[in-house]
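Down below is the structure, laid out as structure tokens.
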Amino acid sequence: MLAYDSNPQQNSLLNALPRHTQERLSPMLELIQIKQGQVLYELNHPLFYVYFPTTSVISLLNLLENGTSAEIAGVGNEGMLGVSLFMSGEPMHNLAVVQSAGHAYRLKGSILRQELNRSGGRRDGMLQKLLLHYTQALFTQTAQTAVCNRHHSIEQQLCRYLLSTLDRLPSKELAMTQELIANMLGVRREGITEAAGKLQKKGLINYSRGHITILDRPGLENQACECYKIVKQEFKRLLTRYYPQVSSDFISPPRTVHKVMPARYIHK
């Protein structure tokens, strides 16, 4: 189903921008529908767009020579895919793959750089400041994911993964297979099967045919390692403290929604 009622303010970063910036960028934002498994950025390929997810989740994956992979960070309606485009402009050394299908707004990289040049010399420079704070939070997520994958059990990693994905979606049900989760966490599928079975026996989740329903979120948080809360607190510290329109919970609706020109819609 096409989401014609989507608007850029469903993405927290876009919603936090000053009204005049929103009005300037909105006509150049393209609403696209993206599918699970779709590759948005290829390894070492030039970058032409940045993406602002609204109802989708995108994973950044590191790929090894033997073909195995592991997620280093996720991007949902709290953020933007493509920070390297405005940081250095160099190609990314990882893959960007759609983890949960949905919608996102994309913007040409040249337009983003033009806007940064426009605002960087002004008194506020809000777009530049916002993206730099977000990038710092993203680095924290990447570092914490590496620590988690090294020191915590598969069950704890699974809890972290489910919770962080749930935060970015408006539903308690996640459409993902055990094989997908295993690829994201860089572990064997059998390990995910065992861990998911334990969580289901505890009444925390229900897993059936590629769909995971969260039954007891507080219980799931109790089973997760500290990595989940550390990353969430860092996003809150760096973003909601300075930009009240950014949600402290990824799934919470923006507190302030400005009326801006509708963005173009592209069905991919």
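Please read these numbers as outputs of a predicted model, since none were measured by experiment.
Residues Gly109 and Leu85 come closest through the heavy atom pair CA-CD2, 3.5 Å. The minimum heavy-atom distance between Leu158 and Ile192, with the atom names listed, is CD2-O, 4.5 Å. Of all the heavy atoms in Met80 and Leu131, the pair that sits closest is SD-CD2, 4.0 Å. Between Leu238 and Ala137, the shortest heavy-atom distance links the atoms CD1-N, 3.5 Å. Across all non-hydrogen atoms, the minimal contact from Met184 to Leu61 is SD-CD2, 3.5 Å. Heavy atoms only, all atoms of each residue included: Asn94 and Leu43 are closest at N-CD1, 3.5 Å.
Looking only at distances, a side-chain donor or acceptor of Gln36 sits under 3.5 Å from a matching main-chain atom of Ala175. Listed for the Glu194 side chain is no donor-acceptor partner under 3.5 Å among the backbone atoms of Gly191. Counting only distance, with no hydrogens or angles, the side chain of Glu78 and the backbone of Arg168 share no donor-acceptor pair below 3.5 Å. Between the side chain of Gln22 and the backbone N or O of Leu14 there is at least one donor-acceptor pair closer than 3.5 Å. For the pair Ser56 (side chain) and His103 (backbone), a donor-acceptor distance under 3.5 Å is present.
Tyr49 has its side chain out of reach of Leu40: every pair of non-hydrogen atoms, C-beta onward, lies at least 4.5 Å apart. Between Gln38 and Ile58, every side-chain heavy-atom pair lies at or beyond the 4.5 Å cut-off. Here the side chains of Val97 and Val39 are in contact, with some heavy-atom distance below 4.5 Å. Asn11 has its side chain out of reach of Tyr105: every pair of non-hydrogen atoms, C-beta onward, lies at least 4.5 Å apart. Counting only heavy atoms from C-beta outward, the side chains of Leu239 and Leu130 approach each other to under 4.5 Å. Contact annotation: the side chain of Gln114 never approaches that of Asn117 to less than 4.5 Å [non-hydrogen atoms, C-beta and beyond]. Residues Gln10 and Asn77 are not in side-chain contact: their nearest non-hydrogen atoms beyond the backbone lie 4.5 Å or more apart. The shortest distance between side-chain heavy atoms of Asn222 and Leu204 does not fall below 4.5 Å.
A distance of 6.0 Å separates CG in Leu81 from CG in Leu60, rounded to the nearest 0.5 Å. For the atom pair Thr165 OG1 and Arg160 CZ, the distance stands at 9.0 Å (nearest 0.5 Å). Atom-to-atom distance recorded for Asp167:CG and Tyr228:OH is 3.5 Å, nearest 0.5 angstrom. Put simply, OG1 on Thr213 and CG on Leu174 are 8.0 Å apart, with the number rounded to the nearest 0.5 Å. One distance of note links CG of Leu199 with SG of Cys159; it measures 4.5 Å at 0.5 Å rounding. Separating the CG atom in Leu29 from the CD1 atom in Ile32 is a distance of 11.0 Å, to the nearest 0.5 Å.
Note on Glu226 versus Lys229: no salt bridge recorded, every NZ/NE/NH1/NH2 to OD/OE distance being 4.0 Å or above.
Hydrophobic clustering (ILVMFWY, side-chain heavy atoms < 4.5 Å, transitive): Leu215 and Tyr161 are in distinct clusters. Under the 4.5 Å side-chain contact rule for hydrophobic residues, Tyr134 and Ile230 do not share a cluster. Using a 4.5 Å cut-off between side-chain heavy atoms of Ile, Leu, Val, Met, Phe, Trp and Tyr, with links allowed through other members, Val83 and Leu112 fall into the same hydrophobic cluster.
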Give the C-alpha distance, both sets of side-chain angles, the deciding distance and a yes or no for side chain to side chain contact (heavy atoms under 4.5 Å, CB included) between Asn149 and Gln157. CA-CA 7 Å; Asn149 291 346; Gln157 293 178 51; 3.0 Å; yes
Assess the residue pair Met126 and Thr21 against the criterion (side chain to side chain contact (heavy atoms under 4.5 Å, CB included)); give the C-alpha distance rounded to whole Å, side-chain angles, the decisive distance to 0.1 Å, and a yes or no. CA-CA 9 Å; Met126 180 64 77; Thr21 305; 5.8 Å; no
Decide yes or no on side chain to side chain contact (heavy atoms under 4.5 Å, CB included) for Leu47 and Ser84, but give the supporting numbers first. CA-CA 9 Å; Leu47 308 181; Ser84 63; 3.1 Å; yes
Checking Phe86 against Val50 for the side chain to side chain contact (heavy atoms under 4.5 Å, CB included) test, could you report, in this order, the C-alpha distance in whole Å, the side-chain angles of both residues, the deciding distance, and whether it holds? CA-CA 9 Å; Phe86 80 88; Val50 293; over 6 Å; no
Pair Glu221-Lys232, salt bridge (Lys or Arg N to Asp or Glu O under 4.0 Å): steps then yes or no: CA-CA 12 Å; Glu221 291 183 1; Lys232 192 165 185 175; 5.3 Å; no
Please report, to 0.1 Å, the donor-acceptor pairs under 3.5 Å made by any side chain of residues 139-148, with sequence neighbours excluded.
residue, atom, partner, partner atom, Å
Thr140, OG1, Gln136, O, 3.2
Gln141, OE1, Gly74, N, 2.7
Gln141, NE2, Gly74, O, 3.3
Thr142, OG1, Leu138, O, 3.1
Thr145, OG1, Gln141, O, 2.7

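Between Ser59 and Gln99, the side chains place a donor N or O and an acceptor N or O closer than 3.5 Å (distance only, hydrogens not considered). At a cut-off of 3.5 Å, with distance as the only test, a side-chain donor of Lys202 or Gln223 sits close to an acceptor on the other residue.
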